[in-house]
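Notes for the one structure printed next.
Atoms within each ligand, like the ligands themselves, are counted from 1 in listed order.
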Amino acid sequence: MHIGVVRESAAGEARVALVPELVGRLTQAGYVVAVESGAGEAARFFDDAYAAAGATVIDDPVTGAADLVLSVQPLAAELLGRLEPGAATLSFFPASARLAEIGDRRDRQLTTFGMEYVPRISRAQPMDALSSQSLVAGYRAAVVAAGRLRQFFPLNMTSAGTVAPAQVVVLGAGVAGLQAIATCRRLGAVVKGYDVRAAAAEEIRSMGAVAIELTLPALEGSGGYAREMTEERAQQQRDLLAPYVAAADALITTAAVPGRQAPILVTRATIAAMRPGSVVVDLAAESGGNVEGAVPGSVVAIGDVQLWGGSNVASQMPAPASRLYAQNVVNVVLLMTRDGAFAPDFADEIVAAMALTHAGAVRHAPTQALIEQEAPSTNSGNRR
Ligand code: NAD
């Protein structure tokens with residue numbers, strides 16, 4: 001069976017779905033692997049390394065021969081027509097924002113798997129690309145803050161006197177936030193962290209940071225995730241956090257609620273109250289922002305404070321992000337392989353959760369519901 005790996009075409013995407021060191025895991029499992037020439041270049045994985053690892057390097061890996069196409073971003077829509085019915089794609093696939101394409105894939109009898117739908121169960125952890133990419137983003141957030149702040153992160157005691165360490169506040173302590181805390185600590189900053197989930201306080205402390213405890217009840221939804229809060233509680237939280245933010249040299253925000261816009265945790269007025277020269281890094285900028293005024297991919301000045309809005313942050317460290325993503329992808333492919341063939345078992349909980357389209361049907365109930373809302377009379381895919 002043939003696997004194709006494409007060169008990403010989306011603007012700003014520097015990652016690649018397979019790295020040379022993992023080609024062998026697929027060829028040993030019985031696959032023929034074709035990699036588009038230049039696919040790994042932006043992440044510094046070059047054609048000769050893929051060829052040496054056993055892949056064929058070609059100009060066009062998306063052909064009728066491909067049984068499975070791997071990418072980071074969804075495959076460019078114009079390439080879909082070149083796949084045979086029954087072929088599969090595996091990538092991130094934000095289905096709710098691409099409903100027309102889901103319908104097109106269903107009608108072309110293509111199988112679509114979305115990496116962001118890997119369920120959060122322990123068996124699926126080696127396949128969890130949202131977590132692996134959050135880890136990269138969290139590290140990058142800390143390094144951006146340290147690089148932009150015109151101060152030391154660590155305490156320096158010199159013969160000329162002592163220079164105090166930077167004070168950093170991290171809001172949201174999931175995978176990205178904890179990695180940001182750990183990285184700021186390694187650089188020597190004094191770090192305080194906050195998360196709405198009660199369990200997060202212990203994790204924050206285990207990274208060597210101080211857990212900010214507010215006089216507010218914890219907010220936990222199903223599966224250990226945060227849930228959305230009322231506007232009244234959100235306002236109380238902003239008010240209670242404001243003095244911590246104002247006292248920080250650097251603020252990193254990473255809060256998210258699954259399937260929702262990011263919560264606003266910090267107002268423009270609070271940012272303006274930070275000391276001149278302070279730095280704010282908002283990792284949630286693409287999903288609405290945790291900080292009022294954050295713009296994804298831009299640095300905005302609020303008074304004398306720089307507000308850095310993240311945009312595809314994991315891609316800014318494309319080599320480690322690709323390596324981790326490729327590990328997740330290969331683990332998914334091997335889960336779906338039997339006797340040297342790509343044969344996903346749709347009765348498997350992980351496969352079922354990741355499947356968006358298969359055999360002429362939309363397999364993802366929330367996506368099917370959205371399609372029906374948009375065009376109630378014209379769409380008829382099966383619901384899971
Ligand atoms: P996420 O990216 O969904 O959100 C980031 C953090 O923001 C979360 O910790 C959340 O509690 C926090 N948050 C939301 N609203 C907030 C607010 N108003 N104020 C402050 N913080 C707020 O989070 P994540 O990295 O996916 O992690 C969420 C949980 O899932 C964690 O407990 C993590 O350990 C767990 N997890 C489990 C698995 C698994 O079992 N396979 C994999 C990854 C993460």
Side-chain angles (χ1 to χ4, degrees), residues 92 94 115-141 169-183 192-207 209 211-242 244-245 251-267 270 281-292 294 310 313-314 324-325 327-328 331-332 335 349-350 353-354:
F92 282 120
M115 288 297 288
E116 58 272 74
Y117 304 101
V118 168
R120 290 214 151 164
I121 54 175
S122 19
R123 182 167 68 91
Q125 276 180 10
M127 303 166 217
D128 185 348
L130 282 182
S131 289
S132 72
Q133 303 306 291
S134 287
L135 183 126
V136 177
Y139 174 88
R140 172 91 183 126
V169 167
V170 177
L171 301 181
V175 177
L178 288 175
Q179 181 59 215
I181 291 174
T183 307
K192 294 190 173 76
Y194 173 74
D195 195 290
V196 277
R197 290 178 298 108
E202 199 40 54
E203 290 166 350
I204 291 168
R205 285 187 207 107
S206 74
M207 297 287 162
I212 296 175
E213 295 191 55
L214 304 182
T215 49
L216 282 173
L219 255 196
E220 210 140 328
S222 59
Y225 286 109
R227 67 189 153 82
E228 212 177 12
M229 58 179 93
T230 60
E231 182 44 38
E232 187 193 353
R233 189 195 191 281
Q235 186 56 51
Q236 282 175 331
Q237 186 179 310
R238 283 191 287 270
D239 292 345
L240 291 168
L241 284 174
Y244 293 96
V245 172
L251 168 69
I252 297 172
T253 63
T254 73
V257 180
R260 306 266 168 197
Q261 262 218 316
I264 293 278
L265 308 183
V266 182
T267 62
T270 303
V281 170
D282 187 350
L283 276 192
E286 270 171 319
S287 51
N290 292 147
V291 179
E292 237 174 36
V313 177
L324 290 168
Y325 179 76
Q327 270 162 7
N328 301 139
N331 289 332
V332 169
L335 172 78
E349 183 184 359
I350 301 174
M354 296 178 69

Numbering the atoms of ligand 1 from 1, which are under 4.0 Å from a heavy atom of Tyr194?
19 (N), 20 (C)
Can you name the side chain to side chain donor-acceptor pair (under 3.5 Å) partners of Thr270, sequence neighbours left out?
Thr267
Just to check, does Gln237 reach to within less than 4.0 Å of ligand 1 when the distance is taken from its heavy atoms?
yes
Out of Arg120, Arg233, Arg123, indicate the one that has the non-hydrogen atom closest to atom 37 (C) of ligand 1.
Arg120
Could you tell me if any non-hydrogen atom of Pro263 lies under 4.0 Å from any atom of ligand 1?
yes
Arg233-Gln236 side chain donor-acceptor pair, cut-off 3.5 Å:
no
Give a yes/no verdict on whether any heavy atom in Ser122 is under 4.0 Å from an atom of ligand 1.
no
Proximal candidate to atom 22 (C) of ligand 1 [heavy atom criterion; set Ala199, Ala234, Ala176, Ala255]:
Ala255
Under a 4.0 Å threshold between the charged nitrogen and the carboxylate oxygen, would Arg238 count as salt-bridged to Glu232?
no
Side chain of Asn290, backbone of Pro263: donor and acceptor closer than 3.5 Å?
yes
Any atom of ligand 1 sitting under 4.0 Å from a heavy atom of Ala173?
yes
Taking the side chain as every heavy atom from C-beta outward, state whether Leu216 and Leu240 have any pair of such atoms under 4.5 Å apart.
yes
Using a 4.0 Å heavy-atom threshold (strictly under), name the region of Leu265 that reaches ligand 1: side chain, backbone, both or neither.
side chain
Counting only nitrogen or oxygen atoms and a 3.5 angstrom limit, does Ser131 reach ligand 1?
no
Below 4.5 Å, heavy atoms only, C-beta onward: do Pro126 and Asn328 meet side chain to side chain?
no
Side chain, backbone, both or neither: the part of Ala256 lying under 4.0 Å from ligand 1 by heavy atom
both
Quick one: does Val196 get within less than 4.0 Å of ligand 1, heavy atoms only?
yes
Can any side-chain N or O of Ser134 pair as donor or acceptor with the backbone N or O of Gly174 at less than 3.5 Å?
no
If we only count N/O pairs under 3.5 Å, is Glu203 in contact with ligand 1?
no
Answer with side chain, backbone, both or neither: which part of Leu171 has a heavy atom less than 4.0 angstrom from an atom of ligand 1?
neither
Does some non-hydrogen atom of Asn290 fall short of 4.0 Å from ligand 1?
no
All side chain to side chain donor-acceptor pair (under 3.5 Å) counterparts of Ser131, not counting sequence neighbours:
Arg120, Asp128
Do you see a donor-acceptor pair shorter than 3.5 Å between the side chains of Glu202 and Ser206?
no
Can you check which of Ala198, Ala137, Ser134, Gly174 brings a heavy atom nearest to atom 23 (O) of ligand 1?
Gly174
Which of the numbered atoms in ligand 1 are under 4.0 angstrom from any heavy atom belonging to Ile121?
41 (N)
Is the side chain of Arg197 donor-acceptor paired with the backbone N or O of Ala173 at a distance under 3.5 Å, no angle test?
yes
